[in-house]
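Every chain is numbered from 1 and lettered A, B, ... according to where its sequence line falls, protein lines coming before strand lines.
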2 protein chains.
Amino acid sequence: MGKDNVKLLSMWASPFCMRVKIALAEKDIVYEEILEEDLMNGKSELLLKSNPVHKQVPVLLHDDKPIVDSTNIITYIDEVWPEKPLFSACEYEKSRARFWADYIDRKVYPAGRAIWSSKETAEVEAAKKEFLDIMFYLDGTLGDKDFFNGDTFGFVDILLIGLTSWFPAYEKFGGFKLEDHYPKLAAWITRSWARESVSESLTSPEKITNFVAMMRKMYGIE
Amino acid sequence: MGKDNVKLLSMWASPFCMRVKIALAEKDIVYEEILEEDLMNGKSELLLKSNPVHKQVPVLLHDDKPIVDSTNIITYIDEVWPEKPLFSACEYEKSRARFWADYIDRKVYPAGRAIWSSKETAEVEAAKKEFLDIMFYLDGTLGDKDFFNGDTFGFVDILLIGLTSWFPAYEKFGGFKLEDHYPKLAAWITRSWARESVSESLTSPEKITNFVAMMRKMYGIE
C-alpha cells in the first residue's frame with residue numbers, strides 16, 4: 001500500500017513506538033520513520049507541534065495529520081486499512097480486547113519500570129510481585145490459545161508484544177524468569193517473536209538491557 | 001429498543017456509572033439498573049463475578065455477558081446500537097475523540113479528588129491548579145463549538161459531562177468557580193445539562209457535595 005503518505009515519529013527505545021511499527025508491518029503499510037535523536041535533551045519542533053498536549057512519541061502523521069498515543073494509533077490504522085483486521089467482528093469480543101488493552105496500558109510498563117528503577121530490595125520485590133500478578137491475569141486470559149485474539153495475531157497481541165523487548169531487563173534486575181512462572185505466556189512471546197512483523201520492529205532485548213543498565217547508573221541505583 | 005436484555009450494575013455516586021446511563025438514554029435503550037447498595041462494606045456476588053479483575057461498577061450486562069469500564073461500555077453501546085452515532089464517520093475525527101476520551105479518563109477525576117481530599121492549603125492549591133490546567137486544554141478543544149463532537153452531542157461530551165455532578169464539590173472545597181476561568185466550558189455544561197438524557201442520568205450536585213462533605217469528615221479533613 002504505497003498510496004498513502006505515512007510517517008512515524010519514533011524513538012528506538014520506546015516500546016510504544018515498537019507497537020505501532022508492528023501494526024504498520026502487519027498491515028503492509030509503507031511508511032517513513034523519523035527518529036527523535038535525543039529525547040532527553042530536547043524534542044523536535046515537529047513532535048512538539050504534532051503532540052502539544054503530551055509531547056511524546058509515537059506520533060503517526062497520515063497525510064500530515066497527527067494521530068497520537070500508541071493504542072489510539074493502532075485502532076486508527078485498523079479503521080483506515082481494514083484488510084487483515086486486528087479485531088474480531090463480534091462486538092463483545094472487541095470489548096474484551098479493548099478491556100485487556102486498557103489493562104496492559106495502565107499496568108505493565110509502570111510495573112516493569114518499578115522493578116529496574118527501585119533501589120531497596122523490598123521495593124524491587126514488591127514491584128516484581130506486582131509485575132507477576134499482572135502476568136497472572138494476562139496468562140489466564142491467553143489460556144491455551146495461540147494468540148490473545150484466538151487463532152490470529154491481533155490487537156491485544158500487538159499491544160503486549162510491543163512491550164516485551166524490555167522484559168529481559170525486568171527479569172535481569174528483578175531476578176526472575178517469566179517462564180518459570182507462566183510458561184504459556186513465555187511460549188506466546190517466543191511464538192510472536194517468530195513473526196517477521198514483530199522481530200523486525202522490536203529493538204533487541206540486549207540493546208534495551210544495556211540502555212536500562214546505563215539509566216540505573218545515571219540514577220545512582222548501581 | 002425493548003428487544004434486548006440489558007442490565008446496568010451501578011452505584012448512585014459513581015460518575016462513571018452516570019456516563020453509561022447518559023449513553024443508554026441517548027440511544028433510547030431500555031435497561032434495568034441494579035444498584036450496588038453499599039460498596040464500602042462489601043460488593044455483590046454478581047459484581048465480583050462480572051468484573052473479577054477490577055471489581056468495580058459500572059458493569060453492563062448484555063444478554064448476561066458483562067462489559068466493563070465505562071469508556072469501553074459506551075464504545076460497545078455505540079457499536080451494537082449504531083443509530084444516532086456517538087462518533088463522527090471520519091476516522092481522523094474518531095481518533096481525536098478517543099484521544100480526548102483518554103485524556104479525560106486519566107486526568108479529570110483524579111485531579112478533582114485531589115482537591116477535596118487534600119488537607120494542607122498548599123496541596124489544595126496545587127490540585128486546583130492541576131484541575132484548571134486540564135480544563136484549559138478541554139476548553140481549547142471545545143473552542144466555539146456547541147459540543148465536543150461539533151453540532152451534535154457525542155462520545156467526548158458524554159464522557160466529560162458524566163463527571164460534572166462532582167464539579168460543584170470541587171469548586172466548593174477548592175474555592176473557585178469554573179466559569180470565572182473558562183466561561184465557554186461552563187456554558188457547555190449548562191447546555192448539556194439541559195438535555196433530558198443528561199439531567200435524568202446525573203445525581204444532583206447537591207447530593208454529591210453532601211456525600212463529599214461526609215467523606216471529608218470521615219477522613220478527618222474537616
Undergrad: Can you confirm whether more than 12 heavy atoms, excluding those of A:Asp180, are under 6.0 Å from its CG atom?
TA: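 Enclosed.
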
Undergrad: Would the number of heavy atoms belonging to other residues, nucleotides or ligands and lying under 6.0 Å from NZ of B:Lys49 be above 12?
TA: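 Not more than 12 within 6.0 Å, no.
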
Undergrad: Which bit of B:Pro66 comes within less than 4.5 Å of chain A, counting heavy atoms only: side chain, backbone, both or neither?
TA: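 Both parts, heavy atoms under 4.5 Å.
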
Undergrad: With chain B as the partner chain, list the residues of residues 88-106 of chain A whose heavy atoms fall under 4.5 Å from it, by residue number, and write 'none' if nothing qualifies.
TA: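 Near chain B, by residue number: A:Glu91, A:Tyr92, A:Lys94, A:Ser95, A:Arg96, A:Arg98, A:Phe99, A:Trp100, A:Asp102, A:Tyr103, A:Asp105, A:Arg106.
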
Undergrad: Only pairs of heavy atoms separated by less than 4.5 Å count here; which of A:Ile73, A:Ile67, A:Thr71 has the most with chain B?
TA: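 Heavy-atom pairs under 4.5 Å are most numerous for A:Ile67.
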
Undergrad: Below 4.5 Å from any heavy atom of chain A, which atoms of B:Asp69 appear? Answer side chain, backbone, both or neither.
TA: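 When you check distances to chain A, only side chain atoms of B:Asp69 fall under 4.5 Å.
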
Undergrad: Does atom NZ (A:Lys177) have a neighbourhood of more than 12 heavy atoms from anything else shown, all under 6.0 Å?
TA: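 Open.
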
Undergrad: For B:His62, is it the side chain, the backbone, both, or neither that has a heavy atom closer than 4.5 Å to a heavy atom of chain A?
TA: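 Nothing of B:His62, per the 4.5 Å heavy-atom cut-off to chain A.
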
Undergrad: Can you tell me which portion of A:Tyr76 sits under 4.5 Å from chain B's heavy atoms? Options are side chain, backbone, both or neither.
TA: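 When you check distances to chain B, atoms from both the backbone and side chain of A:Tyr76 fall under 4.5 Å.
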
Undergrad: Are there over 12 heavy-atom neighbours, none belonging to B:Tyr109, within less than 6.0 Å of that residue's OH?
TA: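 Counting other residues, nucleotides and ligands, OH of B:Tyr109 exceeds 12 neighbours.
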
